[in-house]
Amino acid sequence: MARVLVTRPREAAARTARRLEALGHEVIVAPLMETRALPPADWPETARISAVALTSERAVEAVCDDPRWSRLRGLTVFAVGERTAEGARAAGAGDVRAAGGTLGTLVDLIASEPPEGPVLYLAGRKRSGDLVAELAGRGIRSVMVEVYDAVPLPALDAAARMALLAPPDPGPIVAPSYSRRSAEALAAALRAWPERPNFVFLALSEQVAGALAGLGPCHVAEAPDEDALVALLGETC
């Protein structure tokens, strides 16, 4: 079994930790990303919207208490992957359709069932792709509203560093990364820690892996989801 560093935002990290601990791994939780809901913005009239698009469950968490969500959850919700879809269902959405975990598969899903009116994209402030432009290229109207921001934290906390350096296990620490931004935050924290132990990284995609170059071996999951990362952890350790 492995010692695993989980640096996801706190709620997601807790879920991942429970899953990995149930498999017998020792888990050190040290979030390096903090999710913050953004102040209410000027949304389009919800009556004009025909569907909702989500690329992160963080967006659902940011809007689920907003009165406008009470109507939006009754529309078709297109989610980038199953985890985001589960978050939408938990927040009361009924007709939720999950793509394959990437922006491209989300665009394909929406294009396969194009809504009559505009799609409302509930987005993070920093994004790795342009869903609005991709949909426009398929002839689908959409409007984006930024509802949350993911803010990187500058360093691993002292308790996590002590736990990672603690004997007796001499093997490398395994660190899964779920997004390019979270991988960049982890890379910055490790480069600022000269006495760090050895690490092996598990990345959700080649794009994520690129942010960890030079810090240790990095393995890429076969599919862009947590199931594939957990399977990769079993194969690597």
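Numbers for residues simply follow the sequence, beginning at 1.
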> Starting from Val220 and following side-chain heavy-atom contacts under 4.5 Å between hydrophobic residues (I, L, V, M, F, W, Y), which residues can be reached?
none
> Considering non-hydrogen atoms only, spot the tightest contact between Ala203 and Cys218 and give its length.
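The pair with the smallest heavy-atom distance is CB-SG, 3.9 Å.
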> Listing request: all ring-ring contact (aromatic ring centres under 6.0 Å, His included) pairs with a residue in residues 21-69, at least two apart in sequence or in separate chains.
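For residues 21-69: none.
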> Can you tell me how far apart OG (Ser56) and CD (Glu61) are? Round to the nearest 0.5 Å.
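Nearest 0.5 Å value for the OG-CD distance: 7.5 Å.
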> Under the criterion side chain to side chain contact (heavy atoms under 4.5 Å, CB included), I'd like the reasoning laid out for Val143 against Ile49: C-alpha separation, chi angles, the key distance, then a yes or no.
CA-CA 9 Å; Val143 59; Ile49 300 301; 4.1 Å; yes
> Which heavy atom in Ala111 sits nearest to a heavy atom in Ile140, and how many Å separate them?
CA-CD1, 3.6 Å
> Nearest 0.5 Å please: distance from the CZ atom of Arg180 over to the NZ atom of Lys126.
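With rounding to 0.5 Å, CZ (Arg180) is 15.0 Å from NZ (Lys126).
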> Would you give the length of the straight line joining atom CZ of Arg3 to atom CD of Glu26, rounded to the nearest 0.5 angstrom?
5.0 Å
> Establish, from distance only, whether the side-chain atoms of Arg127 and Thr55 form a donor-acceptor pair under 3.5 Å.
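Note: Arg127 and Thr55 side chains miss the donor-acceptor criterion.
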> Please answer whether the main-chain N or O of Pro67 pairs with a side-chain N or O of Ser70 as donor and acceptor at a distance below 3.5 Å.
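Yes, because the side chain of Ser70 sits within donor-acceptor range (under 3.5 Å) of the backbone of Pro67.
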> Going from CD on Glu184 to OG on Ser177, what distance comes out if it is rounded to the nearest 0.5 angstrom?
10.5 Å
> Got a second to check how far Met144's CE is from Leu122's CG, nearest 0.5 Å?
10.5 Å
> Taking the side chain as every heavy atom from C-beta outward, state whether Glu222 and Asp227 have any atom pair closer than 4.5 Å.
no
> Scan for salt bridge (charged side-chain N to carboxylate O under 4.0 Å, His left out) pairs involving residues 83-92, sequence neighbours excluded, and state none if there are none.
Glu82-Arg89, Arg83-Glu86, Arg83-Glu226
> Mind checking what makes salt bridge (Lys or Arg N to Asp or Glu O under 4.0 Å) contact with Glu21, not counting sequence neighbours?
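In terms of salt bridge (Lys or Arg N to Asp or Glu O under 4.0 Å), with neighbours along the sequence ignored, Glu21 is linked to no residue.
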> Assess the residue pair Leu106 and Ile110 against the criterion (side chain to side chain contact (heavy atoms under 4.5 Å, CB included)); give the C-alpha distance rounded to whole Å, side-chain angles, the decisive distance to 0.1 Å, and a yes or no.
CA-CA 6 Å; Leu106 178 59; Ile110 297 172; 4.1 Å; yes
> Which heavy atom of Gly100 sits nearest a heavy atom of Thr105, and at what distance?
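For Gly100 and Thr105, the tightest heavy-atom pair comes out as N-OG1, 3.0 Å.
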> Main chain of Tyr148, side chain of Arg58: is a donor-acceptor contact present, judged purely on distance under 3.5 Å?
no
> I need the full list of ring-ring contact (aromatic ring centres under 6.0 Å, His included) pairs touching residues 171-222, with sequence neighbours left out, sorted by first then second residue.
Phe199-Phe201
> Would Val119 and Leu103 show up in the same hydrophobic cluster when neighbours are defined by side-chain heavy atoms closer than 4.5 Å?
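Same cluster.
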> As an exercise, state the distance from OG1 of Thr7 to CG of Leu32, rounded to the nearest 0.5 Å.
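Spacing of OG1 (Thr7) from CG (Leu32) equals 5.0 Å.
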> Of all heavy-atom pairs between Val174 and Ala2, which one has the smallest distance, and what is that distance?
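Nearest pair, atom of Val174 first, then Ala2: CG2-CB, 4.0 Å.
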> Taking Asp66 for the side chain and Arg68 for the main chain, is one N or O donor matched with an acceptor at less than 3.5 Å?
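Yes; at least one donor-acceptor contact below 3.5 Å.
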> Count the heavy atoms of every other residue, nucleotide or ligand shown that sit under 6.0 Å from CZ of Arg71, and state whether that count exceeds 12.
yes
> Compare all side-chain heavy atoms of Pro152 with those of Arg181 and state whether any distance is below 4.5 angstrom.
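They are in side-chain contact.
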> Given the rule in the side chain to side chain contact (heavy atoms under 4.5 Å, CB included) test, do Asp108 and Glu134 qualify, once you have shown the distances and angles that lead to the verdict?
CA-CA 10 Å; Asp108 289 342; Glu134 294 282 350; over 6 Å; no
> Take Leu164 and Leu156, measure what side chain to side chain contact (heavy atoms under 4.5 Å, CB included) needs, and give me the verdict at the end.
CA-CA 10 Å; Leu164 292 167; Leu156 293 166; 4.2 Å; yes
> Quick check on the hydrophobic clustering: are Val80 and Val107 connected, directly or via other members, by side-chain heavy-atom contacts under 4.5 Å?
yes
> Provide the closest heavy-atom pair for Leu165 versus Glu195 in the form atom of the first, atom of the second, distance.
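Between these two residues, the closest heavy atoms are CD2-O, 3.5 Å.
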> Identify the heavy atoms of Ala51 and Leu75 that sit nearest to each other, and give their distance.
N-CD1, 4.1 Å
> Please say yes or no: joined through hydrophobic side-chain contacts below 4.5 Å, possibly via intermediate residues, are Leu186 and Ile28 part of one cluster?
yes
> Hydrophobic clusters here meaning ILVMFWY residues chained together by side-chain heavy-atom distances under 4.5 Å, can you tell me if Val151 and Leu38 are in one?
no
> For the pair Ser112 (side chain) and Leu109 (backbone), establish whether a donor and an acceptor sit closer than 3.5 Å, ignoring hydrogens and angles.
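A pair under 3.5 Å: yes.
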> Residues two or more places apart in sequence or in another chain: which of them pass side-chain hydrogen bond (donor to acceptor under 3.5 Å, both in side chains) with Thr76?
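Testing Thr76 for side-chain hydrogen bond (donor to acceptor under 3.5 Å, both in side chains), a comparison that skips the adjacent residues, returns Asp95.
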> Report yes or no: do Val200 and Ile173 belong to one cluster of Ile/Leu/Val/Met/Phe/Trp/Tyr joined by side chain heavy-atom distances under 4.5 Å?
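No, separate clusters.
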